[in-house]
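Taking it in order: structure first as structure tokens, then the write-up.
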Amino acid sequence: MEATGSMNSFDHTAPFEDSLLADLTAPQREAVLHTEGPLLVLAAAGSGKTRVITRRIAHLVHIGVPAWSVLALTFTNKASGEMRHRVQSLLGDGRQTRGLTVSTFHALCARLLRKYAEVAALPGLKPDFAIYDTNDQMSLLKRVIADLSLSTSNWPPRSVLSAISNAKNELLTAEMFAARGTDFYSRSIAKIYTAYERGLRTAGAVDFDDLLLLTATMLERSSEVREDCHRRWQYLLIDEYQDTNRAQFKIASLLIGMPESTPDDGPLGGLTRGPNVCVVGDPDQAIYGWRGADISNILDFERNYPGAHVVTLGENFRSTAPILGAADALIRNNKRRKHKDLFTSRDGGDKPVVVTTRDEQHEAALVTDLLRKVRHEAQEPIGWRDMAVFYRTNSLSRVMEDALRTAGIPYTIARGTSFFEREEVRNALSYLRVVANAADDVSLSRIVNMPTRGIGGTSIDHVRAWTSERGLPLLEGMRHAGEVPDISARARTSMGAFIEMVDHWTGAGSFMGAKVSSSLSELVERVIRESGLESHYLALSKAGKSEADLERPENLAELVSSARQFENEFDPDSDPASFPGPEAAAQGRLAPVPPLLAMLRAYLESVALVADADAVDPEQGSVTLMTLHAAKGLEFKVVAVIGLEEGLLPHSRAQNSDAELEEERRLLFVGITRAMEHLQISSSRYRTIRGVPERTISSRFLEELPREHVTFSEQADPYRDSDPFGDDFGDDAAGAARPSSDRRFVSPTRSASGVGNLATGSRVRHPQFGDGVVVTVTGGMGARATVKFASVGTKTLVLQYARLAVLD
DNA sequence: TAACAGGCAGTTTTT
DNA sequence: CTGCCTGTTA
């Protein structure tokens with residue numbers, strides 16, 4: 001109503017426009033109507049963000065902006081799917097949305113790279129690259145580390161991978177990384193990084209991070225590509241901007257035509273108004289810093305885009321006042337943020353409750369009590385589907401599951417093992433990847449002896465030695481098994497049979513001829529059957545050892561039908577590589593590809609870029625259990641957050657810096673703001689961690705919740721609370737950054753070798769490592785301590801064996 | 001080559 | 001208490 005002031009830049013008052021704006025608040029409207037120049041929308045939790053974004057796109061199209069010149073980027077397929085869907089339903093499914101690009105960052109990058117790889121001449125990158133996921137990355141990395149004769153215990157693939165990933169997110173190529181590191185550690189990482197890159201390229205593959213890094217590089221180097229993109233996209237919109245990393249920032253800058261800029265240059269050149277870039281996000285919900293997301297991108301938006309308009313959406317349409325009050329009070333403890341006044345018109349409502357329980361069983365019981373109570377007592381009955389339990393780590397789900405099961409409450413766990421991650425599905429896909437790309441050594445290694453066919457590790461090692469000398473793919477080596485030395489006759493025969501099988505599928509690489517499958521689904525089916533996977537998993541499921549085994553044959557069948565579905569919906573015209581825009585450069589430069597192979601590649605790409613097939617939507621009547629990370633973007637009438645203890649939330653691995661600590665706080669903030677009506681937060685006095693019951697310290701975040709909005713309830717037995725018997729409970733789960741007044745001691749009866757009073761913060765001396773400070777202690781049998789030594793860094797020691805002397 | 005036992009480490013995970 | 005990796009044995 002009052003928003004007319006900001007509406008005067010144009011004078012559309014058609015009925016359609018009215019309906020686009022009618023039910024919006026003034027700030028929401030402002031965000032929708034600000035179309036030209038940079039715009040930052042700070043969208044608080046539950047403030048109607050998606051609505052604003054979709055209306056804004058619809059509005060752009062309505063005032064005459066061609067849909068094909070609008071590019072909307074999201075992080076998840078779910079978000080892009082929803083956005084596309086909602087825009088379409090606003091505009092009708094007609095021509096209006098033709099060419100509108102709504103995509104994830106990664107999918108966009110994949111399409112740009114495929115289209116322009118040859119134009120931009122990126123070294124070693126072929127347009128038909130495969131996309132490696134974390135699993136593939138790990139396999140490759142292990143190989144690389146072994147090839148460099150480094151040990152995987154000194155160089156754990158997981159941490160090396162995260163170092164490489166961080167580097168890529170920061171736009172550091174292997175060469176740059178090598179150039180800047182001088183110490184032993186980073187020089188070694190650089191070596192591994194370089195070899196890893198070489199491995200990827202020779203396998204004709206890129207990893208997820210490469211999609212971003214290579215796209216940024218390509219856009220930077222090739223003015224041709226850049227200009228193509230500029231001609232195509234005039235309006236850029238980025239969702240969840242607080243989660244962008246440096247590479248994504250760079251890509252956005254280059255796409256939108258910030259002249260020759262890098263993030264460091266700050267202000268852009270002589271543009272009068274600045275680019276039409278709209279970013280939407282909430283710094284208070286930035287929870288992916290550990291994955292390279294850089295909260296500075298959103299905090300510094302106004303500095304990077306001078307003249308940016310800022311709209312704050314602070315009104316919350318989700319939660320009751322006390323819940324919002326608790327969330328607000330908590331998040332105010334963060335320093336690095338942009339404050340937003342959070343408010344709601346939903347007055348009244350129950351206060352959130354903070355309970356302290358005896359142990360995790362007790363905690364779980366109180367959660368089930370809450371769920372049952374709320375279900376029956378509410379004036380409007382609340383269904384199980386409107387309830388959720390959140391926790392910091394997946395390991396906390398187990399006790400909760402037990403309690404729900406015994407209470408007879410239906411639940412579903414939203415967890416990572418999605419369809420395409422299952423072992424049997426991954427194996428089938430690896431076969432298909434070998435079919436699509438004979439150079440894919442990682443996929444080949446995975447399945448060459450799966451099911452076992454007498455081609456063991458040593459034989460493969462011999463072939464690998466032979467091929468790496470000649471720069472050939474592994475599969476080529478197997479083809480020439482006769483020339484490879486030291487291979488047993490049996491293995492040689494098996495390899496011959498394997499090659500014959502693959503050639504059968506690919507028509508010896510031609511993908512044509514009578515013996516080749518006529519359709520994708522037929523190919524998938526054949527591969528599963530003829531590879532022996534089908535009978536292998538059938539036998540396994542007959543044996544009926546585990547629950548998972550029973551499902552595997554079904555999952556393989558499911559894969560076939562997913563291929564069939566893809567095939568039916570596949571529309572070559574909407575192929576990512578074709579632009580409906582006004583340009584046609586670079587089109588038709590690629591060599592013609594057999595249709596089946598093209599289809600297979602498109603299918604494999606879609607599979608690689610779609611992580612969770614079983615999306616996290618609250619299903620038919622069951623309570624949802626999930627991590628706090630997974631909860632982002634969802635809402636439930638009833639929410640319980642469990643495990644509010646030092647070491648758990650904030651997590652013990654996230655207490656090294658204020659930045660990490662603030663992210664932990666945001667995690668709780670996200671959890672709280674999911675709740676619409678009822679919220680219970682709990683901590684437990686004792687918790688069994690890895691089989692050892694441990695005394696806990698309640699989370700510092702609980703003290704930050706305001707008494708006026710929150711009810712505190714002590715449910716732990718008072719007499720057990722004081723723990724006068726010196727029961728054999730070990731030390732706390734946490735400790736690290738806790739003030740020294742909160743030190744907890746390992747009980748003397750449990751500690752070995754005379755380190756009875758070892759506490760976090762103690763200074764100790766080790767016969768070999770010298771002096772150090774105790775960072776964490778775990779009690780019980782085989783008690784361990786993490787000690788930070790001045791000379792050799794942090795080590796975890798088993799107290800029984802490490803002859804530690806306490807210094808003070 | 002393949003099955004098995006023992007040792008060791010152990011957040012979160014949009015693509 | 002788990003799951004994963006390594007090294008051993010049949």
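A note on names: the letters A, B, ... follow the listed sequences, proteins ahead of strands, and every chain is numbered from 1.
Closest to the Asn449(A) side chain, of the nucleotides dT14(B), dT12(B), dA2(B), is dA2(B). Relative to the side chain of His629(A), the nucleotides dT12(B), dA2(B), dT15(B) differ in distance, and dT12(B) lies closest. Checking dG10(B), dT1(B), dT15(B) against the side-chain heavy atoms of Asn77(A) singles out dT15(B) as nearest. Distance from the side chain of Tyr288(A) is smallest for dT13(B) among the nucleotides dG10(B), dT15(B), dT13(B).
The stretch residues 155-168 of chain A touches DNA chain B through Arg158(A), each having a heavy atom under 4.0 angstrom from the strand.
Atom-to-atom, CH2 of Trp290(A) to C1' of dT11(B) comes out at 8 Å; the value is rounded to the nearest Å. The distance from atom CZ of Phe129(A) to atom C1' of dT15(B) is 13 Å, rounded to the nearest whole Å. The distance between atom NZ of Lys78(A) and atom P of dT14(B), rounded to the nearest whole Å, is 11 Å. Atom pair Ile131(A):CD1 and dT15(B):C1' shows a separation of 9 Å (rounding to whole Å applied). One atom, NE2 of His651(A), and another, C1' of dT11(B), lie 4 Å apart when rounded to the nearest Å.
Note: His629(A) and Trp290(A) meet the aromatic proximity criterion, with ring centroids under 6.0 Å apart.
You can see that DNA chain C meets the heavy atoms of chain A within a 4.0 Å-exclusive cut from dC1(C) to dT6(C), reading 5' to 3'.
Separating the C1' atom of dT11(B) from that of dT6(C) is a span of 25 Å, rounded to the nearest Å. Between dT14(B) and dG3(C), the two C1' atoms lie 25 Å apart (nearest whole Å).
Looking at residues two or more places apart in sequence or on another chain, you find a salt bridge (Lys or Arg N to Asp or Glu O under 4.0 Å) between Arg666(A) and Glu663(A).
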